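Please read all numbers here as calculations on a predicted model, not as lab measurements. The residues of the chain are indexed from 1 along the displayed sequence.
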Amino acid sequence: MKLIKIGSSSMCDIVIHNKYVSAHHADLTLLDNGDIYLEDKDSTNGTFVGNRKIEANQEISVRRGDLIRFADETLVWARVPALERNDKYKTIVNIGTNYRNDLVINSAAVSRYHACLKITKEGKAFLIDNGSKNGTQINGEKIASGKPERIKRGDNIICGGEDITEQIQQYLPPTIPTWGWASMGVVAAALIGLLCFLFIDKDGLNNPFKPFNPNDYHNAVVYVRAAYHYEVTLKDNPLSDANKTLLEKKTEAIPYQATAFFLDNDGRMATNRHVAIPWEEEYRSKEITENLQQNYQKFIANQLQVDNLDYFSVNSMVTALKRLQGTTLGRILLDESNSWPDLKAKIDRIRKSEVIISGAIDYITVGYPGQNYTHEDEFQRCFVLCESGNKDIDLAILQLNDKKTPAKIEKVFSPDKFYLAKIEPQKDLLYVFGYPHGLSWGMNEKSKSLEPNLRNTRCSKVQDKYEFEFQASSVGGSSGSPIFNEKGQLVGVLNSGYQGATVTFAVLANYLKKLYDEEVNLNIN
């Protein structure tokens with residue numbers, strides 16, 4: 001499958017130097033079965049098949065040799081490349097956002113016909129970038145467009161901003177080791193010696209007969225569904241304790257979603273600090289802050305419909321008192337003031353006081369993988385046990401209300417087994433378990449069963465004091481996802497990234513261990 005862009009722009013595959021031809025005038029899509037589709041890209045002067053002008057942005061079927069014009073320029077079919085013969089390949093997998101692809105990726109960072117995976121009859125796999133907009137990477141290295149690159153199981157594959165490593169595993173041939181006769185004796189002896197691990201190493205961490213399977217942690221990674229609201233009030237509130245709440249305003253509940261994972265058998269789960277306290281200043285946008293302040297100031301203005309209290313006539317004072325008596329806040333101020341100067345002082349304090357923005361959780365719940373849900377009320381309630389108190393350490397711990405991890409969750413990310421050493425770029429294969437796009441991707445529409453997304457990745461940059469960078473796109477709902485190595489050891493917790501890019505960050509596991517140990521020891525003492 002191949003996409004041919006046609007137009008006057010030098011970025012097109014077929015460049016037509018004609019002032020009547022638009023920069024990106026039309027597309028030709030060549031399918032592996034020989035079919036060809038033509039689409040006008042809303043050009044200024046139109047695309048014609050024969051003498052018929054075709055409708056813009058609508059694909060039509062054409063045949064090689066048909067008379068096609070772009071404005072007044074006739075297509076030279078010799079410039080349209082023929083597809084490679086595919087009879088030497090056992091499997092061809094087209095990758096992109098268009099529905100015709102074998103592997104459809106729903107992402108704005110991925111091109112319509114982004115890349116192609118080809119498996120030869122000999123079992124060799126090659127990946128080809130089809131001139132995509134955002135490129136294709138193999139183990140962090142961007143590959144050249146149109147050039148086949150050999151890949152194998154375990155390689156990290158990113159198309160645009162999407163890590164598709166896990167999705168293409170089903171197409172890749174298995175890696176089969178070859179043994180020489182000279183090695184058989186050594187192997188046999190080694191096998192006899194290693195049999196003891198079957199009885200000693202129950203977890204299988206050192207057992208060659210039980211290779212590590214990241215899906216062992218499938219049940220430990222839960223979906224977080226929560227809601228919070230903002231609270232706006234005054235730093236200098238002059239009202240009595242009985243009436244102070246009149247100057248406290250709350251927004252409607254704001255729902256959100258994230259990921260968490262179990263740390264022990266007492267219902268404790270790790271996630272991000274911005275999941276636990278999303279209303280904090282460092283996590284809200286400047287626009288939200290300004291809107292909250294403006295709306296609160298409008299409320300104050302509507303309650304205090306007097307511009308100036310320095311009145312010198314009885315009529316003006318009577319008018320001001322009538323206006324104050326017309327609002328709830330005004331009547332309370334009149335009741336709590338013992339003189340005109342006292343009333344004026346209270347109103348001045350309200351108008352000059354700093355506006356304080358805070359918030360609170362309305363509810364926070366978790367859903368378990370493999371379990372069917374038909375309503376959000378079926379999720380299990382939990383609460384925020386603790387958070388780091390540091391914006392640079394974006395970590396928090398939740399706990400189930402009953403403080404008991406479900407029995408079906410046999411394997412948890414125990415802090416005693418965290419990986420605390422330095423993480424080297426491109427050295428170790430890592431796994432990310434989470435719920436990107438929340439229920440949109442995590443909930444099976446037919447069975448209503450929750451399922452987390454598992455991806456392969458690698459560290460892509462030398463770690464700094466608090467976090468490390470890895471190869472993946474950051475999508476809403478992924479926050480709080482565990483990142484672990486091939487021994488099942490947690491190395492970090494996903495916390496942020498750049499939308500549409502492959503730059504994502506994770507807080508180092510040692511900070512989570514410290515937070516966990518401090519909380520557990522505090523409860524014990």
Side-chain angles (χ1 to χ4, degrees), residues 1-9 11-16 21-43 45-71 73-108 110-121 125-136 143 145-149 159-160 162 164 167-168 170-172:
M1 188 181 297
K2 189 173 183 62
L3 176 67
I4 308 296
K5 296 180 180 180
I6 302 169
S8 59
S9 169
M11 301 300 291
C12 290
D13 301 292
I14 296 179
V15 180
I16 300 176
V21 174
S22 299
H24 183 188
H25 197 103
D27 284 344
L28 275 175
T29 303
L30 314 180
L31 302 187
D32 294 329
N33 63 3
D35 291 343
I36 303 175
Y37 289 89
L38 173 67
E39 180 183 353
D40 180 88
K41 302 303 291 183
D42 202 18
S43 64
N45 295 304
T47 300
F48 301 81
V49 177
N51 292 317
R52 179 175 63 88
K53 183 178 181 180
I54 67 174
E55 188 175 348
N57 300 311
Q58 295 291 325
E59 289 184 334
I60 68 165
S61 178
V62 296
R63 299 171 62 182
R64 187 174 286 272
D66 284 349
L67 178 61
I68 297 175
R69 285 189 296 112
F70 309 109
E73 190 79 27
T74 300
L75 172 65
V76 178
W77 277 101
R79 300 183 65 185
V80 179
L83 286 176
E84 180 187 9
R85 289 182 57 187
N86 294 321
D87 54 1
K88 64 180 180 179
Y89 297 108
K90 180 172 69 173
T91 305
I92 297 177
V93 182
N94 291 295
I95 305 165
T97 60
N98 188 276
Y99 71 94
R100 291 195 181 94
N101 288 286
D102 305 288
L103 180 54
V104 179
I105 309 296
N106 185 19
S107 171
V110 177
S111 299
R112 282 176 291 169
Y113 303 101
H114 195 104
C116 181
L117 173 67
K118 295 185 177 183
I119 313 294
T120 67
K121 294 179 179 179
F126 295 88
L127 186 67
I128 303 101
D129 181 87
N130 292 332
S132 63
K133 181 178 180 181
N134 293 312
T136 302
I143 64 176
S145 173
K147 181 182 178 182
E149 294 288 348
C159 287
E162 292 297 319
I164 65 165
Q167 292 162 277
I168 68 169
Q170 58 182 309
Y171 302 107
L172 294 177

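- Residue Arg79 holds its CZ atom at 12.0 Å from CG of Leu28, rounded to the nearest 0.5 Å.
- Taking both residues in full, the closest heavy atoms of Leu127 and Ile143 are given as O-CD1, 4.0 Å, listed atom of the first, atom of the second, then distance.
- The nearest pair of heavy atoms linking Ala125 to Leu172 is CB-CD2, 3.7 Å.
- For the pair Ser107 and Thr97, the tightest heavy-atom approach, listed with the atom from each and the gap, is O-CG2, 3.5 Å.
- Here the straight-line distance linking atom NZ of Lys121 with atom OH of Tyr89 works out to 11.5 Å at 0.5 Å rounding.
- Lys90 NZ to Ile119 CD1: the interatomic distance, rounded to the nearest 0.5 Å, is 7.5 Å.
- A heavy-atom distance below 4.5 Å is not found between the side chains of Ser22 and Asp42.
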Would Val49 and Val62 satisfy side chain to side chain contact (heavy atoms under 4.5 Å, CB included), going step by step from the backbone distance to the final call? CA-CA 8 Å; Val49 177; Val62 296; 4.2 Å; yes
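- The minimum heavy-atom distance linking Tyr171 with Asp102 is given by the pair OH-O, 4.0 Å.
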Passes side chain to side chain contact (heavy atoms under 4.5 Å, CB included), Cys116 versus Ile92? Steps please. CA-CA 7 Å; Cys116 181; Ile92 297 177; 3.7 Å; yes
Let's go through Arg112 and Asp27 carefully: what are the C-alpha distance in whole Å and the side-chain angles of both, what is the deciding distance for salt bridge (charged side-chain N to carboxylate O under 4.0 Å, His left out) to 0.1 Å, and is it a yes or a no? CA-CA 11 Å; Arg112 282 176 291 169; Asp27 284 344; 2.5 Å; yes
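- To the nearest 0.5 Å, the span separating CD on Glu39 from NE2 on His25 amounts to 12.0 Å.
- Residues passing the salt bridge (charged side-chain N to carboxylate O under 4.0 Å, His left out) test with Arg64: none are found, sequence neighbours excluded.
- By the salt bridge (charged side-chain N to carboxylate O under 4.0 Å, His left out) test, Lys118 pairs with Glu84, sequence neighbours left out.
- From Glu73, atom CD reaches atom CD1 of Ile6 across 11.0 Å, with rounding to the nearest 0.5 Å.
- Pairing each heavy atom of Asp40 with each of Gly46, the nearest pair is OD1-C, 3.7 Å.
- The side-chain hydrogen bond (donor to acceptor under 3.5 Å, both in side chains) check on Thr29 picks up nothing, with sequence neighbours excluded.
- Using a 4.5 Å heavy-atom cutoff, the side chains of Asp129 and His114 are in contact.
- Contact of the Ser43 side chain with the Val21 side chain is not registered, since no non-hydrogen atoms from C-beta on lie closer than 4.5 Å.
- The CG atom of Asp35 sits 10.5 Å away from the CZ atom of Arg63 when rounded to the nearest 0.5 Å.
- Applying the 6.0 Å contact sphere to CG of Asn57 captures more than 12 heavy atoms from other residues, nucleotides or ligands.
- Taking the side chain as every heavy atom from C-beta outward, Leu38 and Ile68 approach each other to under 4.5 Å.
- Contact between Asn130 and Ser145 at its shortest, heavy atoms only, is C-OG, 4.1 Å.
- Residues Ile105 and Leu103 form a side-chain contact, since some pair of their non-hydrogen atoms from C-beta on lies under 4.5 Å apart.
- Residues Ile36 and Asp66 form no side-chain contact, since every pair of their non-hydrogen atoms from C-beta on lies 4.5 Å or further apart.
- Side-chain contact between Lys5 and Met11 is absent, with no heavy-atom pair separated by less than 4.5 Å.
- No hydrogens or angles considered: nothing links the side chains of Asn94 and Tyr113 as a donor-acceptor pair under 3.5 Å.
- At distances below 3.5 Å, not a single donor-acceptor pair connects side-chain atoms of Ser9 with backbone N or O atoms of His24.
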